[in-house]
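Predicted, not measured: the structure shown is a model, and the values here were computed from it.
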Number of protein chains: 2
Amino acid sequence: MQAGSSGGGSRGPQALGSGDGGRVRDSKTKHRTYEPAYVHIVRIVSARIAAGEYRPGDQLPSESGFCAEFDVSPMTLRRAVNILVDRGLVTTAQGRGTFVRGLYLGEASFTLQQLTDRWRDASTEVRLLTASIVPAREDVAVMLGLGPGDSAVFLRRLFLNDGHPFMCHSEFVVYDPRRPLVESQLQITSLDGVLKSAGGEGFARARLSIRAVNLDDETAGYLERPAGTAVFCLEHTFEDFDGAPVSWGQFYFLSDEFQLVTTLGADWPE
Amino acid sequence: MQAGSSGGGSRGPQALGSGDGGRVRDSKTKHRTYEPAYVHIVRIVSARIAAGEYRPGDQLPSESGFCAEFDVSPMTLRRAVNILVDRGLVTTAQGRGTFVRGLYLGEASFTLQQLTDRWRDASTEVRLLTASIVPAREDVAVMLGLGPGDSAVFLRRLFLNDGHPFMCHSEFVVYDPRRPLVESQLQITSLDGVLKSAGGEGFARARLSIRAVNLDDETAGYLERPAGTAVFCLEHTFEDFDGAPVSWGQFYFLSDEFQLVTTLGADWPE
DNA sequence: ACCGTCAACTTACCTAGATAACTACAGAAT
DNA sequence: ATTCTGTAGTTATCTAGGTAAGTTGACGGT
C-alpha cells in the first residue's frame, strides 16, 4: 500500500525541508494546504474503517506495521492512534493490539455549536425584554446561594430571526455593585455575544442541562406558540473561581427551529 | 498579562518533585497509582486554571518555560498542551503563545452515556410490543431508500424501570432475508443491548438527532403520560458500509426521568 | 493433567534534539 | 511617513530511538 510517502525509500536526514525527497508534506503549496503526517494517517485509517476495509472487531496492523507502511516514526504513528482512540473509532489494549470498535449509541455526543452555526450569519435580532433588580425568589436564592432579602438582577431576552422569535432567555445574576458584570451584559446584542458573555472572563465553571418541557403561558406568548408546545430548556449555572454561583437561567428554544444533530462512525466531517 | 510566574517567581517545589533525582514517575508505588508525566502536567495546569491562577485571556508560560518548570522534554510537555487544547481549556497560536480560553456555551457537548448510566444496573425491563413485517409507508420508504411495495420490519419496544415505562422505541429495518439481523434484534432484552445492537457489527455510520416533541396519543398510552407531554425524541438512521440506510427509528423518552447534563470549564472529573 | 516460568510480541510512555513556520517588533532603507 | 527586512521568541511538527508493562502461548517441572 504505502499510502504514506508514496515516493518510497530514500528518507533524508530530515523530512520537512529538503526539496529533493518527495514526501507527503511536499504537497503544501507554499503555505496553503499543508497537512501534518499524523493528520494524514488519521484520515487514511478513518477512511478504511468507513469503507469497511477494517471492520468492527478486526485487529488493525500493529504499530510497527503501520510505521513501516506510512514510513513515519513510532511517535508520529502513536499520535495518530491516540486521535483515533479518543474519537472512539478504535480501542487499544496493551499487549494485544488495536481493534476497530463498533458503533455505540451511548457514546453519541451532541454540541450546542449548531445553535450558533444556525443563526450566526442570519439576521438575528436580540431584544432585551426585561432588566431589573428584584428580590430573590425562593428558588433563585437557593440556586445562587443568596440569603433571604438579597437581591438579584433579572434579565429576559428574546431572540428573533427575520422577526420570528425562536428562543427566549431568562437569567438571574447575583447583584454585586462592585462587579460591572450586569452593565456589560446589557450591551450584548447578538446571540454569539450572549453565549460568549456568560463565560467571558469572570467565570470558572458552568453546569448545563437540557430538558424537554411544555411551554408555560408567559414564555409561549413571547415565542408566539401555543402554550404546551414542546421545547428545549437549556438550564445553566455559572460559578466564579471560588465556586460560588453567579448566574442561573434558562434558554427556551423551539425544537422545530433547532435540533441537536450528530453522527457516529468513521466519516467525520472533519 | 503573563500569568506565568505571577506569584513572584518561586513556583515552589510543588511541581514535580524534581529536587535532584526525584522525578514525577518516582511517585509510582510499584504498580499502583502510576501517573504519566503528561497527565500530571495536565492536571496541574488545569487546576491552576480552575483556581483562577491563570485567568481567561492570560498567556501561559512558554513551552520552554514549562519544560524547565516541570523538568520534562519538549515532547512530553507538548503532549500535555495538546490535551489541554482539545479539552478546550487553552488555545495555542503559533508564534504568539498559549492562552487560557474563556467558557463558551456553544462548545458544550452532551452525551447519551448518561442514558445508560442511569439505567444500567437498575431493574430495567425491555418489553417487545410489536415485531412484524409491514409494507413500507411513504416516509419509511423515503428514509430507508425503498421502492413502492417494498416491505420493512417494524419493531416497537417499551422500556420500564420498576414497572414504570420511561422510554419507547419504534424502528423500521430493511427486510432482507439474507441478513439475520432481525432475529438477533429480537433477542435483545436490555437497554444496553438495544443501544449496542444497533451499531453492533454491520453498520458503518449512524445519524442521530434529538428534538423536543409533544407525545402523540399512542405513545402517550405506552408511556402512561397525558398526550402532549414534552419528551425527547431521539431519531436514528443507520447505514451500512455502502452508504445504504438499513434502519430508521425513534426513541421517545421522558424528560423528567432523564436530562442531558454537562459541565464546562476546568474541573473535569478525572 | 496441572501449574509456574519465560520469551516473544504488542502497546504505553518517554527523552533528546532538530527543523519549520508564525508573530511581533525594532531598525534600516526608501 | 512608509515600507522592507532582520531578529528574537514562540508554537508545530517530526525523527530516532529507548524503557516499561501487559498478554499470549509454549515449554518444562510437578
Side-chain angles (χ1 to χ4, degrees), chain A residues 4-5 10-21 23-42 58-68 70-86 90-100, chain B residues 1-4 16 18 21 23-42 45 58-68 70-86 90-100:
Chain A
S5 70
S10 75
R11 84 212 300 333
Q14 102 297 38
L16 288 179
S18 64
D20 50 346
R23 302 180 65 81
V24 174
R25 308 177 222 42
D26 291 349
S27 66
K28 63 169 177 177
T29 54
K30 189 56 183 173
H31 59 80
R32 289 298 297 164
T33 50
Y34 171 79
E35 184 177 59
Y38 69 93
V39 173
H40 200 154
I41 295 173
V42 166
D58 283 359
Q59 178 171 15
L60 291 185
S62 77
E63 299 203 341
S64 56
F66 268 145
C67 282
F70 295 121
D71 191 22
V72 295
S73 73
M75 197 60 203
T76 303
L77 183 87
R78 183 114 278 284
R79 184 166 180 183
V81 171
N82 279 334
I83 291 175
L84 291 172
V85 167
D86 59 47
V90 305
T91 337
T92 58
Q94 188 166 5
R96 286 201 300 134
T98 306
F99 302 87
V100 181
Chain B
M1 310 291 178
Q2 269 299 82
L16 293 182
S18 87
R23 304 182 67 80
V24 177
R25 307 180 226 37
D26 292 349
S27 65
K28 64 171 176 177
T29 54
K30 188 56 184 173
H31 59 80
R32 286 296 298 162
T33 50
Y34 172 79
E35 183 176 63
Y38 69 95
V39 173
H40 200 152
I41 294 173
V42 165
V45 177
D58 284 358
Q59 178 171 16
L60 290 185
S62 76
E63 297 202 343
S64 55
F66 267 145
C67 282
F70 296 123
D71 190 24
V72 296
S73 75
M75 195 64 195
T76 304
L77 183 88
R78 184 114 277 282
R79 186 165 180 183
V81 171
N82 280 335
I83 291 174
L84 291 173
V85 167
D86 61 46
V90 305
T91 334
T92 58
Q94 187 167 5
R96 288 201 299 133
T98 305
F99 302 86
V100 181

Rounded to whole Å, how long is the line connecting atom [atom1] of [X] with atom [atom2] of [N]?
{"X": "B:L77", "N": "D:dA12", "atom1": "CG", "atom2": "C1'", "answer": "13 Å"}
{"X": "A:R79", "N": "C:dC13", "atom1": "CZ", "atom2": "C1'", "answer": "15 Å"}
{"X": "A:F99", "N": "C:dT10", "atom1": "CZ", "atom2": "C1'", "answer": "10 Å"}
{"X": "B:I83", "N": "D:dA12", "atom1": "CD1", "atom2": "C1'", "answer": "16 Å"}
{"X": "B:Q59", "N": "D:dG9", "atom1": "CD", "atom2": "P", "answer": "13 Å"}
{"X": "B:H40", "N": "C:dA12", "atom1": "NE2", "atom2": "C1'", "answer": "19 Å"}
{"X": "B:F66", "N": "D:dT10", "atom1": "CZ", "atom2": "P", "answer": "13 Å"}
{"X": "B:F70", "N": "C:dT15", "atom1": "CZ", "atom2": "C1'", "answer": "17 Å"}

**Message:** Which is more 5' along DNA chain D, the nucleotide nearest A:A93 or the one nearest A:T76? Just name the residue.
**Reply:**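 The residue mapped nearer the 5' terminus is A:T76.
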**Request:** Measure from the side-chain heavy atoms of B:E63 and tell me the nearest of D:dT15, C:dT15, D:dT11.
**Result:**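 Selected nucleotide: D:dT11.
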**Closest-nucleotide ordering on DNA chain C, the 5'-leading residue of A:M75 and A:Q94** =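 On the 5' side of the pair lies A:Q94.
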Under 4.0 Å between a side-chain N/O of [X] and OP1 or OP2 of [N], yes or no?
{"X": "B:R96", "N": "C:dC22", "answer": "no"}
{"X": "B:S64", "N": "D:dG9", "answer": "no"}
{"X": "A:Y38", "N": "D:dC14", "answer": "no"}
{"X": "B:T98", "N": "D:dT11", "answer": "yes"}
{"X": "A:R78", "N": "C:dA12", "answer": "yes"}

Mind listing the closest non-hydrogen atom pair of [X] and [Y] along with its distance?
{"X": "A:Y38", "Y": "A:T76", "value": "CB-O, 4.0 Å"}
{"X": "B:A80", "Y": "B:V42", "value": "O-CG2, 3.6 Å"}
{"X": "B:I41", "Y": "B:F70", "value": "CG2-CE1, 3.8 Å"}
{"X": "A:C67", "Y": "A:P74", "value": "SG-CA, 3.4 Å"}

**Any donor-acceptor pair under 3.5 Å from B:E63 side chain to B:T98 backbone** =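 Pair absent, no side-chain N/O of B:E63 close to backbone of B:T98.
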